[in-house]
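First comes the structure, then the notes that go with it.
This structure is a prediction, so every number in the text was calculated from the model and none was measured.
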Number of protein chains: 2
Amino acid sequence: MANSQFAMAVHVLTMLATNCDERVKSNYLAKSVNTNAVVIRRLLCDLHEAGLVVSRTGYSGGTCLTKDPKNIDLLDVYEAVSHGEVFSLHKQKPDQDCPVGKNIEAVLCNLQKEIDEAVRTKLSKHTLSDVMELIRSGESVSI
Amino acid sequence: MANSQFAMAVHVLTMLATNCDERVKSNYLAKSVNTNAVVIRRLLCDLHEAGLVVSRTGYSGGTCLTKDPKNIDLLDVYEAVSHGEVFSLHKQKPDQDCPVGKNIEAVLCNLQKEIDEAVRTKLSKHTLSDVMELIRSGESVSI
DNA sequence: CATAAGTGTAACAAGAATAGTTACAATACT
DNA sequence: AGTATTGTAACTATTCTTGTTACACTTATG
């Protein structure tokens with residue numbers, strides 16, 4: 001993942017979690033993330049497809065979480081926004097006439113899966129609720 | 001890592017390991033990887049800085065491993081070529097007047113470290129020698 | 001010594017990915 | 001009717017990655 005969508009997604013979801021009693025505007029989220037509201041709306045679209053949020057258009061529209069933050073883990077977020085893998089395989093197919101070229105892709109592909117699984121396992125251990133708690137404690141320390 | 005440098009590096013090092021009695025030409029490596037020799041030489045430059053290979057210029061020049069493949073693990077390779085992290089943090093600094101914006105970076109940074117550590121641990125468990133063995137067994141199966 | 005075969009590296013082009021921006025239709029409340 | 005908001009398309013700017021050409025420098029060989 002070369003993009004910061006995961007970081008933005010966790011940020012946005014934490015904002016929604018701390019404002020769970022209202023429909024939060026994309027404009028408000030954009031200010032906190034320090035980006036454009038359209039960028040946020042695009043991200044919310046992915047999160048909606050993953051079933052994590054619902055939005056409403058029109059006057060007094062906005063976005064809410066669909067679940068309790070305790071029941072959203074960071075793997076859910078990762079899956080909602082990530083399209084890539086931890087490392088990329090070859091862009092050009094290696095020489096199939098070379099023994100190494102012929103077999104290296106399969107080896108790396110398995111490694112990729114193993115690494116990705118490790119990442120997922122780690123991510124699944126943290127919930128949005130945990131993130132909120134860390135934010136809160138960070139806040140109290142800095143006051 | 002959005003680039004395929006790690007994949008290319010493992011490929012190249014495996015090639016060197018299977019030709020450890022000679023100085024391998026960048027041109028030969030480029031053919032197997034299916035890219036340009038300059039791309040390979042740039043990669044070899046990184047691997048040299050990491051102490052994994054030595055090259056010689058001039059007539060009958062080329063590149064060799066500096067160590068036994070048993071003593072090169074994939075974490076060495078990862079560290080030699082990776083500049084990024086598993087996921088990116090915010091590109092723009094979040095709003096410091098927002099409690100979430102103010103603290104989210106630290107939270108994500110810690111998460112990043114935790115994930116990266118998990119990835120490193122996995123990578124450190126595989127040596128270049130293991131990769132060679134997998135390549136060999138893949139080869140024998142396909143014959 | 002001249003030549004051939006290499007590496008090292010700079011410079012540039014092409015392409016893809018990412019994020020930012022503007023614009024506007026559709027929607028929903030007042 | 002008017003206003004606030006999302007959804008989404010279209011375009012731009014920037015950056016990253018790779019590919020390519022070019023050439024100076026190095027080393028072996030005849």
Grab the CD1-P distance between A:Ile40 and D:dG7 for me, whole Å please. 13 Å

Result of checking A:Thr63, A:Asn27, A:Val33 against A:Ile40 for side chain to side chain contact (heavy atoms under 4.5 Å, CB included): A:Val33

Could you tell me the separation between the CG atom of B:Leu43 and the P atom of D:dG19, rounded to a whole number of Å? 11 Å

If I take atom CZ in residue B:Arg42 and atom P in nucleotide D:dC16, what distance separates them, rounded to the nearest angstrom? 15 Å

Hydrophobic cluster identity match, B:Met8 and B:Met132, side-chain contacts under 4.5 Å: no

Rounded distance in Å - CG (A:Asp46) to P (C:dT18): 12 Å

Gap between atoms CZ and C1', on A:Phe6 and C:dT18 respectively (whole Å): 18 Å

Within residues 48-60 of chain B, residues whose heavy atoms come under 4.0 Å of DNA chain D: B:Arg56, B:Thr57, B:Gly58, B:Tyr59, B:Ser60

Please answer whether the main-chain N or O of B:Leu75 pairs with a side-chain N or O of B:Arg120 as donor and acceptor at a distance below 3.5 Å. no

I want to check one thing: is the phosphate of C:dT18, taken as OP1 and OP2, less than 4.0 Å away from some side-chain N or O of A:Ser4? no

Can you tell me if A:Asn36 touches the phosphate of C:dT21, counting only side-chain N or O atoms and a distance under 4.0 Å to OP1 or OP2? yes

Using a 4.0 Å heavy-atom cut-off, does B:Thr35 contact any base of the nucleic acid, only the sugar-phosphate backbone, or nothing at all? sugar-phosphate

Protein-nucleotide distance (A:His90, atom NE2; D:dT17, atom C1'), rounded to Å: 15 Å

Side chain of A:Gln5 only, heavy atoms from C-beta on: which candidate in C:dA19, C:dA23, D:dT20 is closest? C:dA19

Using the six-membered ring wherever Trp is involved, compare the ring planes of B:Phe6 and B:Tyr78 and label them parallel, tilted or perpendicular (cut-offs 30° and 60°). perpendicular

Around atom NZ of B:Lys70, are there more than 12 heavy atoms of other residues, nucleotides or ligands at under 6.0 Å? no

Show your working on side chain to side chain contact (heavy atoms under 4.5 Å, CB included) between A:Leu74 and A:His126 and close with a plain yes or no. CA-CA 6 Å; A:Leu74 297 187; A:His126 301 279; 3.7 Å; yes

Does any residue of residues 8-30 of chain B have a heavy atom under 4.0 Å from DNA chain D, and if so, which ones, in number order? none

Distance (rounded to the nearest 0.5 Å) between A:Asn34 CG and A:Leu29 CG: 13.0 Å

Testing C:dT22, D:dG7, C:dT7 for proximity to the side chain of B:Arg41, the answer is C:dT7

Flag the pair A:Lys93 and A:Glu105 as a salt bridge only when some basic side-chain nitrogen lies within less than 4.0 angstrom of an acidic carboxylate oxygen. yes

Along DNA chain C (nearest heavy atom to each residue), the more 5'-positioned of B:Leu44 and B:Lys91: B:Leu44

If hydrophobic clusters are built by linking Ile, Leu, Val, Met, Phe, Trp and Tyr wherever their side-chain heavy atoms come under 4.5 Å apart, do A:Val38 and A:Leu16 end up in the same one? no

